[in-house]
Amino acid sequence: MGDAFNGFMDEVRIWSTAKTEAAVVAQMHLSLAAAEPGLEAYYQFNYPAGVTGAVVDSSANGLDACLLGGAAEVPTVITPYAAPVYMQD
């Protein structure tokens, strides 16, 4: 494992079934009910200030986790979503 993710994640969803690109794009900015078929784990990272280390699974499976390897929670900053603008030559 030489490659590490260097960035921010707002939430992580783990599914037992493959999702098409269209399905991912259609749902990526929507919160889930956490009871969707095939949803194995749903980590939203929405915690009050001062809560650190624990990663709570919002799905019915209760697969809570913890942050390791220097990962840290940062305050949530809510920004309005703007669709990307694609330029053509």
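These numbers come from the heavy atoms of this one structure, side chains and all, not from hydrogens, waters or symmetry mates.
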Peer 1: Can you measure from CG (D10) to CD (Q44) and round to the nearest 0.5 angstrom?
Peer 2: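 Those atoms lie 9.0 Å apart.
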
Peer 1: Supply the atom-to-atom distance S59 OG to W15 CH2, rounded to the nearest 0.5 angstrom.
Peer 2: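 Reported to 0.5 Å precision, the distance equals 10.0 Å.
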
Peer 1: Which atoms form the tightest heavy-atom contact between L39 and A34, and what is the distance?
Peer 2: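 Shortest heavy-atom contact: CD2-CA, 3.7 Å.
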
Peer 1: I'd like to know if the side chain of D57 and the backbone of D64 have a donor-acceptor N/O pair within less than 3.5 Å.
Peer 2: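 Answer holds: no.
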
Peer 1: Does V12 share a hydrophobic cluster with L63, counting links as ILVMFWY side-chain heavy atoms below 4.5 Å and allowing steps through other members?
Peer 2: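 Yes, same cluster.
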
Peer 1: What is the distance from atom CZ of R13 to atom CD of Q27, rounded to the nearest 0.5 Å?
Peer 2: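 Those atoms lie 6.0 Å apart.
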
Peer 1: May I ask you to decide if G38's main-chain N or O and T17's side chain share a donor-acceptor pair within less than 3.5 Å?
Peer 2: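 No; judged by distance alone, with no hydrogens or angles, the pair does not exist.
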
Peer 1: So, E11 and Y42: side-chain donor and acceptor under 3.5 Å apart, yes or no?
Peer 2: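 There is such a pair between these side chains.
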
